[in-house]
Amino acid sequence: MAEIDKSLPNVRQEINLDPEQEIIESAEQQQAELEGPPPVDVQENEDGSVDINFEPSTMNPGQDSGHFANLAELLPDDVLGRLSSELMGNYRDYKMSRKEWEKSYTSGLDLLGFKYDNRTEPFRGASGATHPVLAEAVTQFQALAYKELLPAGGPVRTQILGLQDPVKEQQSQRVKDFMNYEIMNNITDYEPDFDQLLFYLPLAGSAFKKVYYDEVEGKAVSKFVPADDLIVPYAATSLEDAEAVIHVVRMSQNDLRKQQVGDFYRDIELTPGPVNETESEKKERELAGESKAKDGTVFTLLEVHTELDLEGFEDIDADGQATGIKLPYVVTIEEASGQVLSIRRNFEIGDIKKKKIQYFVHFKFLPGLGFYGFGLIHMIGGLSRTATAALRQLLDAGTLSNLPAGFKQRGIRIRDDAQAIQPGEFRDVDAPGGNIKDSFMMLPFKEPSGTLLNLMGVVVQAGQRFASIADLQVGDGNQGAAVGTTVALLERVMSAIHKRLYASLKVEFNLLARVFKLYLPSEYPYDVVGGQRVIKQSDFDDRVDILPVADPNIFSQTQRISLAQTEMQLAQSNPNMHNMYQVYRQMYEALGVKNIDSILKPPQIPTPKDPALEHIDAIGAVPF
């Protein structure tokens with residue numbers, strides 16, 4: 001029997017089978033003819049139509065093991081070595097290109113004031129307090145955004161594209177219920193990860209989510225990825241046009257072994273190397289009060305999403321000739337050893353354009369001048385430093401004025417002068433003669449300056465105005481102000497930021513829907529409180545649009561109440577033109593009242609009237 005060359009998977013060789021092999025294949029063919037055609041799977045839909053699957057045993061397109069197989073198992077070591085060297089070099093270049101961004105972010109973390117500085121300059125015991133204007137802005141943004149974007153019932157809503165009908169309405173409701181169920185129950189890390197993202201985002205200006213199907217856990221995952229761990233080329237402006245996207249993943253030895261046993265990574269022997277922390281990661285660990293211990297058994301993996309003209313898997317035209325066009329791949333490399341663990345195609349089966357599959361979602365606080373966004377550290381970091389400097393000067397001036405120092409004449413001796421004089425204590429002094437007050441001179445320390453205090457107030461107010469954290473109480477405003485004035489005061493920077501978060505959430509939910517479409521069975525029953533529901537794989541099609549439940553124009557309950565109050569004022573000015581029941585109902589909803597129907601009486605439904613009485617009313621000019 002001829003030997004098959006397996007070094008290149010596209011190479012085909014003619015093989016002469018021996019007679020015994022031909023007999024076996026002939027018997028298998030006869031057995032298949034006796035068994036008849038394979039069974040046909042028929043699924044009846046709610047509208048009366050049916051879906052017929054002639055190959056029900058085949059896998060879903062997104063689960064095809066051949067298309068998404070680990071190509072690193074098929075390539076020779078010299079090809080893998082050259083590829084690893086090239087991608088590792090790119091990784092180091094990309095890290096160096098964002099050095100200034102990392103430096104700016106790292107230095108700005110000190111402005112949060114999480115750590116008190118024991119300063120010895122300009123004197124020992126000088127104040128190390130940090131003004132909390134930045135920490136206050138970050139905390140208030142996180143609290144408002146978390147409440148609006150992740151309500152208790154789930155963050156997803158749906159709307160029907162095209163003409164509505166009962167079948168589409170039921171499909172839309174199924175998609176909405178299932179996605180909210182998955183996010184709030186099955187994706188266990190979603191809520192804490194989203195909470196952490198909303199705290200990280202206003203600081204760094206950029207944060208990311210990674211949406212994928214976890215083969216080991218067997219479920220969809222939406223993971224928070226800090227900007228420290230996602231590296232792109234210098235020229236990149238977005239995730240879509242980036243030449244490469246490198247995700248730095250830290251994984252324990254046991255988790256890596258699970259992936260190797262599950263055939264996701266190559267089963268090769270690896271030795272844990274040192275974990276190289278960036279300056280920002282060191283600063284974050286320092287502020288959290290943690291210190292780096294032994295690396296233990298932690299591996300650092302570089303997951304490179306890039307385009308390659310891979311040897312043996314080249315793009316070919318209709319004539320079977322290589323075109324030289326690079327195709328999307330995901331290459332995973334162990335950083336310490338440089339070993340390639342996996343190479344997988346990153347485009348859908350049957351996609352003629354071979355467009356790369358996107359796994360990451362970019363959340364931006366403010367659009368920057370390049371790939372990364374601007375955060376509050378970049379925008380009000382200077383004001384926060386100025387406020388901190390003014391606060392420390394005021395505290396130091398108070399300290400020096402309360403504990404004066406100065407000069408004494410040589411020859412004056414104070415008994416036990418090594419001990420500090422306590423308040424209310426008198427100590428003996430040996431003076432050679434003359435007036436004792438002429439032997440001492442106090443330094444001219446002044447009381448804390450009122451001008452400096454006012455200046456600090458101006459700086460803090462400027463930072464608060466930019467960050468929109470000057471909380472406007474709804475009842476404290478001018479009730480006679482023009483319509484929309486209160487709303488205009490509230491709609492500042494936060495409104496635009498909230499809309500950017502809304503757009504990013506929509507992208508994230510659509511990536512989750514793609515995962516459900518590929519990996520769910522044809523029908524998937526799941527239990528909820530008080531019953532059971534069913535979702536269909538075919539529900540995730542283009543007929544239903546998946547959106548965040550949050551209103552992109554509303555970013556706080558204060559703004560919602562203000563809008564409802566303005567609406568009520570307009571309605572009360574001319575009640576005949578308005579549906580007063582709906583106006584009051586929207587006001588109760590803005591206040592967050594739960595049992596509105598028990599408080600607000602619904603309008604009476606008109607009852608049929610005798611035609612003769614209607615004629616009498618018409619003659620008497622009584623309105624119908």
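All heavy atoms count here, side chains included; hydrogens, waters and symmetry mates do not. Here the structure is a predicted model, which means the values were calculated and not measured.
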Would you say the side chain of [Y] lies within less than 4.5 Å of the side chain of [X], judging by non-hydrogen atoms?
X	Y	value
Gln159	Leu547	yes
Ile377	Leu109	yes
Val175	Ile546	yes
Lys326	Leu310	no
Phe194	Leu505	yes
Glu307	Asn346	no
Pro548	Val156	no
Phe208	Leu197	no

### Message
Within the 3.5 Å criterion, strictly below it, is a donor on Asp177 or Gln173 matched to an acceptor on the partner's side chain?
### Response
yes
### Task
Scan side-chain atoms only and decide if Thr323 and Asp315 contain a donor-acceptor pair under the 3.5 Å cut-off.
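On atom types as modelled, these side chains qualify, holding a pair under 3.5 Å.
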Quick one: does any side-chain atom of [X] pair with a main-chain N or O of [Y] as donor and acceptor, under 3.5 Å?
X	Y	value
Gln537	Lys517	yes
Arg157	Lys176	no
Glu348	Asp351	no
Ser504	Leu501	no
Arg344	Phe68	yes
Asp319	Gln321	no

Which pair of non-hydrogen atoms, one from [X] and one from [Y], has the smallest distance, and what is that distance?
X	Y	answer
Ala145	Leu198	C-CD1, 3.8 Å
Leu201	Ala207	CD1-N, 3.8 Å
Glu314	Asp309	CG-OD1, 3.5 Å
Ile535	Leu520	CG2-CD1, 4.2 Å
Pro233	Ala244	CD-O, 3.0 Å
Met184	Pro155	SD-CD, 4.0 Å

Show me, pair by pair, the donor-acceptor contacts under 3.5 angstrom made by side chains of residues 71-90, not counting sequence neighbours?
| from | atom 1 | to | atom 2 | distance (Å) |
| --- | --- | --- | --- | --- |
| Arg82 | NH2 | Glu311 | OE1 | 3.4 |
| Ser84 | OG | Gly338 | O | 2.5 |
| Asn90 | ND2 | Glu86 | O | 3.4 |

### Query
Phe313 and Tyr329: aromatic ring centres closer than 6.0 Å?
no
Just verifying a value: how many Å separate [X] [atom1] and [Y] [atom2], rounded to the nearest 0.5 Å?
X	Y	atom1	atom2	answer
Gln339	Arg266	CD	CZ	6.0 Å
Lys258	Leu256	NZ	CG	11.5 Å
Leu302	Glu334	CG	CD	8.5 Å
Lys219	Ile187	NZ	CD1	7.5 Å
Glu102	Ser97	CD	OG	10.5 Å
Leu512	Met179	CG	CE	5.0 Å

### side chain to side chain contact (heavy atoms under 4.5 Å, CB included) between Leu270 and Ser337, intermediate numbers included
CA-CA 8 Å; Leu270 297 172; Ser337 63; 3.7 Å; yes
### Query
Going through the checks in order, is the side chain to side chain donor-acceptor pair (under 3.5 Å) test met by Arg257 and Gln260?
CA-CA 5 Å; Arg257 185 59 189 159; Gln260 288 180 321; 3.3 Å; yes
### Task
Could you tell me whether Asp541 and Arg543 have a side-chain N and a carboxylate O separated by less than 4.0 Å?
yes
#### Entry: Phe224 and its ring-ring contact (aromatic ring centres under 6.0 Å, His included) partner, picked from Phe199, Tyr200, Tyr190
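Answer after filtering Phe199, Tyr200, Tyr190: Tyr200.
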### Query
Which class fits the ring pair Trp101 and Tyr105: parallel under 30°, tilted 30 to 60°, perpendicular over 60°?
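Judged by the thresholds at 30° and 60°, the geometry between Trp101 and Tyr105 is parallel.
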### Summary
Sorted by chain and number, sequence neighbours left out, side chain to side chain contact (heavy atoms under 4.5 Å, CB included) with Pro192 holds for none
### Message
Checking Lys147 now: which residues fulfil side chain to side chain contact (heavy atoms under 4.5 Å, CB included) with it, not counting sequence neighbours?
### Response
Gln557
### Task
Test side chain to side chain contact (heavy atoms under 4.5 Å, CB included) on Tyr181 and Asn186 and set out the steps.
CA-CA 7 Å; Tyr181 166 80; Asn186 279 3; 3.9 Å; yes
Residues 356-368 side chain polar contacts: donor-acceptor under 3.5 Å, at least two apart:
| from | atom 1 | to | atom 2 | distance (Å) |
| --- | --- | --- | --- | --- |
| Lys356 | NZ | Leu239 | O | 3.2 |
| His362 | NE2 | Ser206 | OG | 2.9 |
| Lys364 | NZ | Phe371 | O | 3.4 |

### Message
If you count every heavy atom of other residues, nucleotides or ligands that lies below 6.0 Å from Tyr526 atom OH, does the total exceed 12?
### Response
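Yes, enclosed.
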### Message
Does atom NZ (Lys103) have a neighbourhood of more than 12 heavy atoms from anything else shown, all under 6.0 Å?
### Response
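Incorrect, the count does not exceed 12.
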### Task
Go through the steps for Val221 and Val211 under the test side chain to side chain contact (heavy atoms under 4.5 Å, CB included), then give the verdict.
CA-CA 6 Å; Val221 175; Val211 181; over 6 Å; no
#### Entry: Qualifying salt bridge (charged side-chain N to carboxylate O under 4.0 Å, His left out) pairs with a residue from residues 197-218, counting only residues at least two apart or across chains
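Only Lys209-Glu508, Lys210-Glu303 qualify under salt bridge (charged side-chain N to carboxylate O under 4.0 Å, His left out).
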### Task
Scan for salt bridge (charged side-chain N to carboxylate O under 4.0 Å, His left out) pairs involving residues 222-241, sequence neighbours excluded, and state none if there are none.
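Those involving residues 222-241 are Asp189-Lys223, Asp229-Arg250.
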### Task
Test Arg98 against Ile231 for side chain to side chain contact (heavy atoms under 4.5 Å, CB included), laying out the working first.
CA-CA 9 Å; Arg98 69 167 198 171; Ile231 301 169; 3.9 Å; yes
### Message
So, applying side chain to side chain donor-acceptor pair (under 3.5 Å) with Ser172, which one of Thr158, Asp545, Asp539 is it?
### Response
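Testing each of Thr158, Asp545, Asp539 against Ser172, the sole residue satisfying side chain to side chain donor-acceptor pair (under 3.5 Å) is Thr158.
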